[in-house]
Amino acid sequence: MFEPSESQRLIRETARNYAQGSLTRIASELDREARFPAAQLGELAELGLMGINVPEAYGGAAAGAVAHALAMKEIAQGCASTAVTMGVNNMVAETICRFGTDAQKKRYVPEITSGRFVAASFALSEAQSGSDAGALRTTARRDGSGFVLNGSKQWITSGDRAGVLIVWARTEQSAAKPAKGISAFLVEGGAKGLHAGRHEDKMGLRASSTVPLTLEDVRVPATALLGNVGDGFRIALSALDGGRIGIASQAIGIASAALEESLQYAKDRRTFGQPIANHQAIRFMLADVATELEAARLLVLRAAAFKEAERPFTREASMAKVFATEKANHACDVAVQIHGGYGYVSEFAAERHYRDVRVTTIYEGTSEVQRFVIAREALK
Amino acid sequence: MQIDLSEEQRLLRDTCREFADKELRPNAKKWDREHRFPAEAVKKLFELGLGGVAVPSEWGGAGMDNVSYALAIEEISRGCASTGVTLSVNNSLYCDPIAKYGTDGQKESFLTPYARGEKLGCFGLTEPQAGSDAAEQRTTAVRKGDSYLINGTKNWITNGPVADAIVLFTMTDLSKGTKGITCFVVETKTPGFVRQKADEKLGICASPSCTIFFENMEVPISQRLGQEGDGFKIAMSTLDGGRIGIGAQAIGIGRAAFEEARDYSKIRKTFDIPIFQHQAIQFMLADMATALDAARLLVLRAAWLKDQGKRHTRESSMAKLFASEAANRVADKAVQIHGGMGYSKELDVERHFRDARITEIYEGTSEIQRLVISNLLLK
Amino acid sequence: MDFSITEEQRQLVETARKFTRERIIPVAQKLDEHGTFPIDICKEGWELGLMNVEIPSEYGGLGLSCLDHVLMMEEINYGCAGIGTTLAGNNLACMPLLLGGSEEQKRHYLGMLTEAPIFAAYACSEPDAGSDVAGMRTTVRKVGDEYVMTGQKRWITNGGYASWYSVFGRIGDPKDRHKGVTCFVVPRDLPGVSVGKKEDKLGQRASNTTDVLFEEVKLTRKNLVGGEGEGFKIAMKTFDRSRPWIAAGATGIMRRALDESRRYALERKAFGQPIAQFQAIQFMLAEMAMKYEATRLLMLKAAWSIGEGRIDAIESSYAKAFGADSAMAVATDAVQIFGGYGYTKEYPVEKLMRDAKLLQIYEGTSQIQRMVIARNLLAQGA
Ligand SMILES: Cc1cc2nc3c(=O)[nH]c(=O)nc-3n(C[C@H](O)[C@H](O)[C@H](O)COP(=O)(O)OP(=O)(O)OC[C@H]3O[C@@H](n4cnc5c(N)ncnc54)[C@H](O)[C@@H]3O)c2cc1C
Ligand SMILES: Cc1cc2nc3c(=O)[nH]c(=O)nc-3n(C[C@H](O)[C@H](O)[C@H](O)COP(=O)(O)OP(=O)(O)OC[C@H]3O[C@@H](n4cnc5c(N)ncnc54)[C@H](O)[C@@H]3O)c2cc1C
Ligand SMILES: Cc1cc2nc3c(=O)[nH]c(=O)nc-3n(C[C@H](O)[C@H](O)[C@H](O)COP(=O)(O)OP(=O)(O)OC[C@H]3O[C@@H](n4cnc5c(N)ncnc54)[C@H](O)[C@@H]3O)c2cc1C
């Protein structure tokens with residue numbers, strides 16, 4: 001029931017070895033210099049981690065959603081910025097596989113899984129629409145057989161690095177049901193009229209790239225449409241359900257690193273004649289964090305298992321995301337506390353984990369939005 | 001107990017608030033980003049008499065009470081948390097012990113110029129192996145004729161990189177434990193006082209701190225504060241006051257975060273309504289405001305007790321513990337209410353979140369406050 | 001990795017659920033009010049195979065796994081945690097015998113329970129030794145080949161109805177702490193065994209909790225479970241296996257609290273609309289649902305590990321601590337959602353809140369669970 005399969009174990013070990021061998025060492029440097037982990041992403045692609053839940057025909061590992069969650073956790077334990085970039089790549093690849101035409105899949109997915117595209121983007125949020133994605137304002141006007149996109153996007157992870165971006169835009173201005181008029185398009189990086197703005201200067205995840213985008217008369221052919229006209233909102237929600245499992249796993253990865261460092265530090269650091277691990281206040285903090293992470297891990301694995309079994313998993317994904325990300329924030333807060341003054345300086349990783357983890361209760365649906373979803377399902 | 005502020009207290013608070021709005025809030029983000037000590041602003045604050053708010057006027061202070069001091073630190077910290085701690089250290093950790101334990105001669109040289117704000121002080125208690133457990137002092141002071149030779153290391157010394165003098169704790173007799181700790185006040189230009197580069201921190205980045213080495217630093221006996229062996233007592237009683245300052249700092253940070261979240265919630269719309277109209281947001285704001293008010297009352301009570309000359313160890317610890325944890329919860333919710341914008345350095349709320357975090361650590365971690373409180377409860 | 005249950009498990013759950021709905025829920029409040037021991041319900045449950053479920057078939061039992069057991073227990077606790085605890089009391093009494101008993105002991109004592117709907121109890125705690133098991137004072141003197149037990153046990157579930165007890169006493173010096181603790185199986189009808197006062201409790205009032213007294217009770221090797229001095233180990237191993245049951249108490253209470261709250265929130269109106277429309281209420285429900293699900297997963301994981309023979313104390317403690325604390329919080333929130341009505345006996349949620357509290361106390365308090373967890377964590381990679 002709770003046993004990973006052989007292939008899941010393999011993916012997890014691959015990710016763990018890479019994270020512990022390569023990422024952990026460099027994470028703090030990437031953070032300090034706010035350096036995009038291009039080389040690392042290439043290596044992850046070589047290891048088969050850029051299309052974990054993508055069919056082999058498109059260069060994926062076809063290892064399923066559980067394997068994806070396991071790998072995300074491991075990579076995030078090494079470097080949270082690298083993990084979110086990898087997560088978005090996977091999400092885009094999966095979304096194209098799920099909703100795209102054969103031609104679209106053939107054209108873009110192997111580029112992502114092979115690493116020829118160093119990144120891919122998911123461009124949904126706008127300055128005026130985050131939680132309320134249905135209110136987005138970017139427009140897609142029909143023009144001959146194609147479309148012309150105009151508007152701007154905000155907070156787009158890898159937006160300036162992406163070989164391909166899924167861009168959501170409004171194809172119809174119906175006031176009654178605003179979400180109905182949204183469609184999704186595949187826009188290629190470097191498309192004429194697509195501009196990335198200045199990098200966001202962020203609290204954490206500093207090695208990931210987050211940019212605003214402007215679209216000025218970006219012309220795309222009809223074949224750029226993902227799914228049908230008006231399918232956009234449904235596609236976004238379905239992608240986000242999966243994405244939330246990824247973010248929950250990312251959070252657990254960051255928190256696991258924080259917990260391991262806390263345990264080690266608590267054994268080493270002495271006050272009042274003994275290791276601080278002997279003070280009950282410290283032990284109880286550690287116990288709570290371990291318990292919460294265990295529960296979080298199980299919620300995430302369940303959501304992933306449901307997804308893999310093609311059962312509905314919206315509620316499960318929301319639970320996993322809000323629970324895991326909030327507990328992970330707690331874990332990183334505890335790590336700073338256990339490190340005392342050393343938790344407040346960049347010499348120790350605890351300080352970075354604290355900054356990195358904070359975004360996890362915000363992006364891909366804030367905690368409030370998740371609770372909203374859970375309550376709606378409970379009240380059904 | 002009087003719940004209203006006196007005219008004098010209100011005036012000081014309003015002056016500080018105005019100063020914070022004009023001089024601190026507009027610049028704090030820049031100082032944070034550049035890790036720059038706001039020397040100009042500190043100088044102006046000192047000119048306003050904030051170098052030694054509760055130091056008697058005969059020694060150059062403003063001669064006001066500790067309630068005023070707490071109000072001032074809250075307002076300053078609301079504008080810039082780094083500036084808040086700079087002042088708090090000079091007032092509580094530097095001037096206060098000299099005012100309390102110093103001789104007249106010591107006060108003349110080491111208190112008056114600092115309380116007047118012509119010079120800046122710092123406080124050296126923590127060492128690499130002695131944080132929570134301040135009794136583990138390893139810096140030694142060896143008597144040699146009319147002076148002491150001091151050797152050792154202090155770390156995380158706030159104001160260290162820019163201070164003119166330090167209240168310094170050392171061991172004069174390692175065999176006596178806490179009874180062997182002795183306190184000095186020493187100018188930083190003294191030969192043998194060696195500063196390291198400034199610490200790189202999560203927050204309060206405009207408050208410089210550093211490690212300091214003491215290499216055969218010779219200090220005359222006249223600069224010993226109190227007797228040999230008085231050091232631990234001086235440190236603990238000094239922290240009783242310092243914690244009031246940190247509690248006030250925490251409230252200032254929390255209030256800044258709260259105000260920004262409140263204002264943002266009125267202009268930001270989702271699902272066609274300002275997010276303020278979502279109950280989840282309303283209730284967060286209600287909890288934030290409640291926590292800050294409760295924290296302020298605890299801080300003011302501790303300050304008031306100190307003004308009455310009453311023991312306030314437990315009350316200071318409660319105030320610091322509660323205020324610092326409240327400030328962190330408030331800052332966290334403020335980030336949350338800002339959504340993605342809360343994670344961006346473009347807005348101040350991101351800084352408040354990082355700044356708030358230190359208040360649960362320095363001048364006694366939350367765990368140490370809980371130890372102090374429970375020990376006194378169980379007595 | 002697959003989170004589904006088997007067909008047999010589904011049927012077991014169905015049986016328990018039906019029994020709960022038809023037999024337990026209608027009487028739970030009355031039993032609680034009067035502190036009535038649910039003897040008839042237990043007899044019916046016994047007929048249906050819901051009692052003593054972990055006793056292996058060699059001894060006439062069903063030999064269900066811990067996983068089967070917790071799935072079933074969640075259903076019973078949905079109806080009444082007092083009855084849940086009563087059933088758990090029997091299983092708890094059996095566990096030391098399953099772990100350390102001789103063939104003859106198992107055949108005899110476990111057989112008694114599978115032959116007739118009777119009770120047994122686990123007697124470890126004392127007036128001055130609860131969390132600190134090794135601080136127990138019940139003494140066992142060795143006289144030749146015989147043992148003489150004297151002591152007082154407290155908080156003994158099923159104490160007043162049990163036909164036999166698994167009792168922990170000390171051979172040797174109290175200074176030896178856990179080293180001298182030894183387990184015995186003691187029939188109720190032996191001279192010197194008596195039942196003391198019955199507790200009048202906050203919650204789980206249908207369960208029977210009493211003192212049990214042992215005055216110069218003469219025992220032989222036939223009563224000795226495991227070896228001399230092995231009692232502490234047996235007690236701890238018992239807890240590793242029983243703590244998931246307490247988590248099942250928690251999931252039962254939480255699911256009930258959630259169902260009741262959900263229904264009420266949709267019906268109750270304030271400010272012209274159902275309170276379910278208020279985000280503050282919605283978010284409380286979301287939180288409750290999350291805690292239920294997380295507990296359930298921790299419980300299933302711990303129970304599954306036990307079935308796989310990979311028992312891990314930390315997993316059982318995760319489930320117990322998180323479950324008990326969550327159940328308390330969820331039941332308290334349920335009362336909140338019901339407002340004033342939640343505070344009355346008109347609705348079942350106040351009972352849930354009283355019942356939940358016990359989960360944080362018995363089988364190792366929430367604090368003790370954290371100690372177990374931290375000890376195991378810090379030992380890893382040491
Ligand atoms: C580092 C980073 C990377 C990102 N990457 C991407 C990306 O690659 N692609 C992309 O499309 N987006 C991305 N995002 C955007 C992210 O998904 C949004 O920030 C998020 O959805 C929140 O939206 P918002 O910031 O507009 O907050 P808002 O929607 O304005 O929310 C503000 C506050 O109001 C609350 N709120 C809103 N509605 C309700 C309600 N009905 N009830 C109760 N509370 C409510 C929210 O929970 C929040 O606390 C990224 C963001 C960050 C910070
Ligand atoms: C930015 C900054 C500025 C500072 N400024 C100054 C300054 O100006 N002057 C100065 O002297 N110092 C200063 N400090 C030092 C500060 O006061 C110490 O960091 C603080 O006292 C904690 O000590 P530590 O860092 O050694 O943590 P430790 O003492 O190593 O504590 C580690 C962890 O163990 C916990 N712990 C320790 N003992 C117990 C116990 N008995 N029971 C339960 N838990 C326990 C702590 O709470 C903490 O969580 C500053 C620190 C920082 C980060
Ligand atoms: C209704 C009911 C049924 C029960 N059924 C049985 C049964 O069938 N058989 C049986 O043997 N026992 C039974 N018990 C006993 C139960 O297991 C004990 O009550 C429990 O172990 C706690 O012991 P105590 O009551 O003596 O509390 P104490 O051990 O006195 O604890 C008091 C408080 O101190 C805390 N504490 C203790 N030690 C520490 C520590 N080292 N660090 C931090 N905190 C600590 C505890 O968590 C608790 O909050 C039952 C109890 C009840 C109430």
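Every value quoted in this text rests on a predicted model; they were computed, and no experiment measured them. Protein chains get the first letters and strands the later ones, always in sequence-line order, with residue 1 at the start of each.
Using modelled atom types, one side-chain atom of R357(B) and one backbone atom of D333(A) make a donor-acceptor pair closer than 3.5 Å. At least one donor-acceptor pair under 3.5 Å links the side chain of R358(A) to the backbone N or O of D332(B). At least one donor-acceptor pair under 3.5 Å links the side chain of Y343(B) to the backbone N or O of R355(A). Checked by atom type and distance alone, the side chain of Q336(B) pairs as donor or acceptor with a backbone atom of T361(A) at under 3.5 Å.
Proximity to chain B is limited to the side chain of E200(A), based on heavy atoms less than 4.5 angstrom apart. Of the atoms belonging to Q337(A), heavy atoms from both backbone and side chain fall under 4.5 Å from chain B. Only the side chain of M284(B) has a heavy atom closer than 4.5 Å to any heavy atom of chain A. Only the side chain of I368(B) comes within contact range of chain A, with heavy atoms under 4.5 Å apart. For L205(A), the parts lying under 4.5 angstrom from a heavy atom of chain B are both the backbone and the side chain. Using a 4.5 Å cut-off between heavy atoms, R268(B) touches chain A through its side chain atoms alone. Of the two parts of S129(A), only the backbone, made up of N, CA, C and O, holds a non-hydrogen atom closer than 4.5 Å to a non-hydrogen atom of chain B. Only the side chain of R269(A) comes within less than 4.5 Å of a heavy atom in chain B; its backbone stays farther off. Looking at F272(A), both its backbone and its side chain come within 4.5 Å of chain B, counting heavy atoms on both sides. Heavy atoms of S366(B) lying under 4.5 Å from chain A belong to its backbone as well as its side chain.
Looking only at heavy-atom pairs under 4.5 Å with chain A, the residue among M341(B), R351(B), H338(B), R370(B) that has the most is M341(B). Contacts with chain A were tallied for I358(B), T270(B), D199(B); I358(B) has the most, counting heavy-atom pairs under 4.5 Å. Options S132(B), G131(B), A280(B) differ in how many heavy-atom pairs under 4.5 Å they form with chain A, and the most are formed by S132(B). With chain A as the partner, the residue from T365(B), I275(B), V335(B) showing the most heavy-atom pairs under 4.5 Å is V335(B). Contact tally against chain A (heavy-atom pairs below 4.5 Å) for E136(B), H278(B), R354(B), K269(B): the top residue is R354(B).
In this structure, R33(B) pairs ionically with D201(A), as a charged nitrogen and a carboxylate oxygen lie closer than 4.0 Å.
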Does the pair I361(B) and Y342(A) meet the rule for a side chain to side chain contact (heavy atoms under 4.5 Å, CB included), with working shown? CA-CA 10 Å; I361(B) 296 172; Y342(A) 294 93; over 6 Å; no
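Within a 6.0 Å sphere centred on CZ of F348(A), other residues, nucleotides and ligands contribute more than 12 heavy atoms. Summarising the local packing, NZ of K29(B) is surrounded by more than 12 heavy atoms from other residues, nucleotides or ligands at distances under 6.0 Å.
By a heavy-atom distance cut of under 4.5 Å, L202(B), G203(B), I204(B) are the residues of residues 202-212 of chain B near chain A, going up by number.
Side-chain contact between M285(A) and E367(B) is present, with at least one heavy-atom pair separated by less than 4.5 Å. E200(B) places none of its side-chain heavy atoms less than 4.5 Å from the side chain of V345(A).
In this structure, CD1 on I337(B) lies 11.0 Å from CD1 on I362(A), to the nearest 0.5 angstrom.
Aromatic ring pairs are classed by plane angle as parallel below 30°, tilted from 30° to 60° and perpendicular above 60°; the pair F271(B) and F372(A) is parallel.
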